[in-house]
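Counting starts at 1 for both ligands and their atoms, following the listed order.
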Amino acid sequence: MPFVHLKPGREKPLLRRHPWVFSGAIAHVDGNPEPGSTVELLDSKGNFLARGAYSPHSQIRARVWTFDPSETIDADFFRRRIRGAIQSRNSWHVTHDTDSLRLIYAESDHLPGLIVDCYVDTLVIQFLTAGAEHWKETIADILLEETGLSTIYERSDADVRELEGLPPLSGSLRGNPPKILTINEHGMQFSVDLESGHKTGFYLDQRENRQRVRKLAAERDMLDCFCYTGGFTVNALAGGAKSVLSVDSSAEALALCRENVALNNLPLDHHEILDGDVFQVLRKFRDEGRSFDLIVLDPPKFAPTAAQAEKAARGYKDINLLAFKLLRPGGLLVTFSCSGGVDAALFQKIIAAAALDAGVDAQVIAHLSQGPDHPVAFNFPEGAYLKGLVCVKS
Ligand code: SAH
């Protein structure tokens, strides 16, 4: 097995069990390991640190599979990790009341680069790194054996593949998966487009927050910004919202949002969609003096890394300031950030500044995050990306 020797002092993250080795930490590599092949990671004195997947095109040159010197990286290794991830979800009752969930969340489940979501009886997988790609066929076979399912749709079309020197790929990997299917979550049905929906098709990470919005929505006029296929919209209507206006800039997402409202036999006359840019729509509504009792802001990632945090902060402040202005007294703002580069503390500061500049008094009544099928391993804090606040305007 090829050896990767680290520079003096650069073993520290690995000793803290962080699973990444950056190219700058490497002194030299013996031989010329193939992309995705297993290498032995050694400190500057030649001591074993970990065993991981080599990725010659990425700044993250190696990702750790195991810190255990006695553990071999083979099909049995993947079976143990996959089985562990699935069993732990069963034991936390994540599967209660939903037929769709994330089974494997990459580094957080000690399987870097591998995302596996289960939609009813179809697995949707992203192989995002050279290491995950290298073991693709083995992983696919084990997943079917461990779940007893027979279909896999591959959605390895995320931009991050490019950093690994891998082409985008999507399509059937096993069996004959449907392109569109209907999932059931907390009693609500959603049509999910596995072929061209965002991520693997649906924002599974927002499951518990959707349920919370359902509980908050009764008798309220709601504005659902960045609504995608209507996760929050459907729940608000099911919770008895007086009206819901769903805004998104994607016509396809809005069409599916409309379909999802109908699928749940919710009152179509209480629901409107608006195709537009949320930044402009909020300004227009402010100028027209419109107001709402409940506003959800769930924008796309403004800052994938900390480097874009400042620009992202301006974007978050802008939409949240406008939302505070559009809220009636006693109104609720449910606001999210899924930017890895903006942590929960910074996000709360941005929202506080938005309230201040909007001239409103507001309180935080709940802190929200991603659901338990998207766990955060202590050795990989980067796994925590979704944060949200429920705020009340005085
Ligand atoms: N709230 C959704 C997920 C939102 S994803 C859910 O729970 O399922 C972000 C959405 O924002 C996408 O649907 C995307 O089409 C939309 N979007 C991105 N930029 C936008 C903009 N400037 N104005 C309106 N919608 C936008």
Out of all atoms in ligand 1, which are within 4.0 Å of some heavy atom of [X]? Include the element for each.
X    : answer
F232 : 1 (N), 7 (O)
S250 : 15 (O)
G276 : 23 (N), 24 (C)
Y228 : 2 (C), 3 (C), 4 (C), 8 (O), 13 (O)
R210 : 7 (O)
D277 : 21 (C), 22 (N), 23 (N)
D298 : 1 (N), 2 (C), 3 (C), 4 (C), 6 (C), 7 (O), 9 (C)

Looking only at side-chain N and O atoms, does [Y] offer a donor or acceptor that is under 3.5 Å from a partner on [X]?
X    : Y    : value
H5   : D30  : yes
Q126 : S156 : no
T335 : N320 : yes
S170 : E154 : no
S339 : Y316 : yes
D68  : S70  : yes
S249 : D277 : no
S246 : D224 : no
W20  : E107 : yes

task = Would you mind telling me if ligand 1 is within reach of the side chain of Y203, the backbone, both or neither, using heavy atoms under 4.0 Å?
result = side chain
Cationic N near anionic O, under 4.0 Å, R155 to D157 = yes
What is the nearest protein non-hydrogen atom to [atom], stated with its residue, atom name and distance?
atom                    : value
atom 23 (N) of ligand 1 : V278 N, 2.9 Å
atom 20 (C) of ligand 1 : S249 OG, 3.4 Å
atom 18 (C) of ligand 1 : P300 CG, 3.5 Å
atom 13 (O) of ligand 1 : D248 OD2, 2.7 Å
atom 4 (C) of ligand 1  : F226 O, 3.1 Å

query = Does C225 come within less than 4.0 angstrom of ligand 1, counting non-hydrogen atoms of the residue?
reply = no
ask   = So, does Q280 sit close enough to ligand 1 that a heavy atom of it is under 4.0 Å from the ligand?
value = no
